[in-house]
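Here is the structure we will look at.
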Number of protein chains: 2
Amino acid sequence: MDIDAKELFSALSHDIRLRCIILLLSHDELCVCEVTYAIGVAQPKISLSLGQLRKIGLVKDRREGLWIHYHINPDLPLWVKELLYKLHQGVKNAAPYINDETVVAAMPNRPGAPRCA
Amino acid sequence: MDIDAKELFSALSHDIRLRCIILLLSHDELCVCEVTYAIGVAQPKISLSLGQLRKIGLVKDRREGLWIHYHINPDLPLWVKELLYKLHQGVKNAAPYINDETVVAAMPNRPGAPRCA
DNA sequence: TGATTATATTCAAAAAAATATATATTCAAT
DNA sequence: ATTGAATATATATTTTTTTGAATATAATCA
C-alpha cells in the first residue's frame with residue numbers, strides 16, 4: 001500500500017471528506033447512513049466523498065447486505081496512520097467534529113452496535 | 001496561534017508548497033533563493049508559495065538585508081508540529097524531497113552557512 | 001542618484017475541483 | 001417480477017485554484 005502525500009492532503013482539504021475521516025478514526029467502521037446522519041448533508045454528497053477517499057486508498061469498504069461499511073485502510077503506511085492519529089488527536093474535541101460524534105452516538109436504529117471508543 | 005485543519009491540508013496539497021515545507025522542516029531557516037535553487041522553478045512561483053504558507057501561519061519570515069529567510073512557525077499548535085514531523089519522517093527519503101535536499105546542500109554562494117541537520 | 005540584487009505582487013488565462021440534481025445500481029423481501 | 005431501501009454515479013454548472021508573464025518593491029552599493 002502506497003499513498004502520495006499530495007493526494008493525501010488534497011483528500012483532507014475538504015470539509016465533508018475531513019469530517020468523514022475524523023469520524024472513521026474513532027470507529028472501527030461506520031456505514032454510509034451513519035456518516036450521513038452524523039454530518040447531516042445529502043446522501044450523494046457523502047457517497048461521493050467516501051468514494052473519493054476510497055479511490056486514493058485512504059479508506060476501504062465492506063458490504064453487508066444493503067449496508068456498506070467504511071473503515072480506515074489498515075494497510076496504510078505507518079507514517080500516514082501516525083499522521084492521521086495526530087490529526088484526530090488535535091481536532092476531535094473541536095467543532096464540528098465533536099458534534100458529529102455526538103450526533104452519530106444518538107442515532108436511532110443503527111445497523112450495528114457502536115463498535116469502538 | 002491557531003490553524004484550521006482544512007486550511008492546513010489545502011496548503012499541503014500542492015507540489016511546490018509541499019516541497020517548500022519539507023525543505024523547511026529539515027533546516028532552521030532557508031532564504032527564498034535557497035528554496036528556489038533547491039526546487040528549480042521560477043522565483044515568483046516560490047515566492048507565491050511561501051507567501052501562501054505564511055498567510056495561513058504555517059511559516060514565518062525574517063528579513064536580513066536583501067534576503068528573506070523562512071522558517072516553520074514555532075508557535076504552531078503541538079498537534080500540527082507533530083503532524084508535520086510525521087510527514088517529514090514519512091517522505092524525506094523519497095523523491096523529490098531527498099533530491100531537493102541534495103541540491104540545496106550543494107548550492108554555491110549560500111547567504112548563510114547551512115544551519116541544521 | 002542610479003544600478004543591481006533579492007523578493008513580492010498583479011492579472012488574465014487555463015485547469016481543476018466542488019456543487020446540486022437527477023438517475024442508476026444493488027440487494028432483500030414479498 | 002416488483003417494490004423499497006441503501007448506496008453510487010453521471011452531468012452540467014459554478015467556483016476555486018493554478019499558471020505564467022510582466023511588473024513592482026525593497027534594500028544595498030557604487
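Each chain gets a letter, A, B and so on, in the order the sequences are listed, and its residues count up from 1. Keep in mind that the numbers below use all heavy atoms, side chains included, and drop hydrogens, waters and symmetry copies.
Within 4.0 Å (heavy atoms only), B:Leu48 reaches at least one base atom of the nucleic acid. At the heavy-atom level, B:Gly65 lies under 4.0 Å from the strands shown only through sugar-phosphate atoms.
For D:dT9, the OP1/OP2 oxygens have a side-chain nitrogen or oxygen of A:Arg54 closer than 4.0 Å. For B:His14 and D:dT19, the shortest distance from a side-chain N or O to OP1 or OP2 is below 4.0 Å. Residue A:Ser47 places none of its side-chain N or O atoms closer than 4.0 Å to OP1 or OP2 of D:dT7. For the OP1/OP2 pair of C:dA8 and a distance below 4.0 Å, the side-chain nitrogens and oxygens of B:Tyr70 include at least one atom meeting the criterion.
Screening B:Val32, B:Leu23, B:Leu30 against B:Tyr70 for a side-chain contact (heavy atoms from CB on, under 4.5 Å) leaves a single residue, B:Val32.
Checking B:Leu66 against B:Arg17, the closest nucleotide of DNA chain D that is more toward the 5' end is the one next to B:Arg17. In this structure, A:Ala42 and A:Lys6 both approach DNA chain C, and ranking their closest nucleotides by distance from the 5' end singles out A:Lys6. The residue among B:Cys33 and A:Ile16 whose nearest nucleotide of DNA chain C lies closer to the 5′ end is B:Cys33.
Atom pair B:Ile68:CD1 and D:dA27:C1' shows a separation of 10 Å (rounding to whole Å applied). Atom pair A:Glu64:CD and C:dT26:P shows a separation of 19 Å (rounding to whole Å applied). Separating the CZ atom of B:Arg63 from the P atom of C:dA8 is a distance of 8 Å, rounded to the nearest angstrom. Spacing between atom OH of B:Tyr37 and atom C1' of C:dT5 amounts to 18 Å, rounded to whole angstrom units. The distance from atom CG of A:Asn109 to atom C1' of D:dA6 is 14 Å, rounded to the nearest whole Å. In this entry the distance linking NZ of B:Lys45 with P of D:dT18 reads 10 Å, nearest Å. Whole-Å rounding puts the B:Ile46 CD1 to C:dT9 P distance at 15 Å. Rounded to a whole Å, the NZ atom of B:Lys55 is 19 Å from the P atom of C:dT7.
Under the 3.5 Å distance criterion, the side-chain polar atoms of A:Ser47 are left unmatched by any main-chain donor or acceptor of A:Pro44.
The heavy-atom pair separating A:Lys81 from A:Pro74 by the smallest distance is NZ-O, 2.7 Å. Closest heavy-atom contact between A:Ala11 and A:Leu53: CB-CD2, 3.9 Å.
By the 6.0 Å contact criterion, CH2 on A:Trp79 is enclosed, its count of non-hydrogen atoms from other residues, nucleotides or ligands being greater than 12.
Between the base of C:dA8 and the side chain of B:Gln43 there is a donor-acceptor pair shorter than 3.5 Å.
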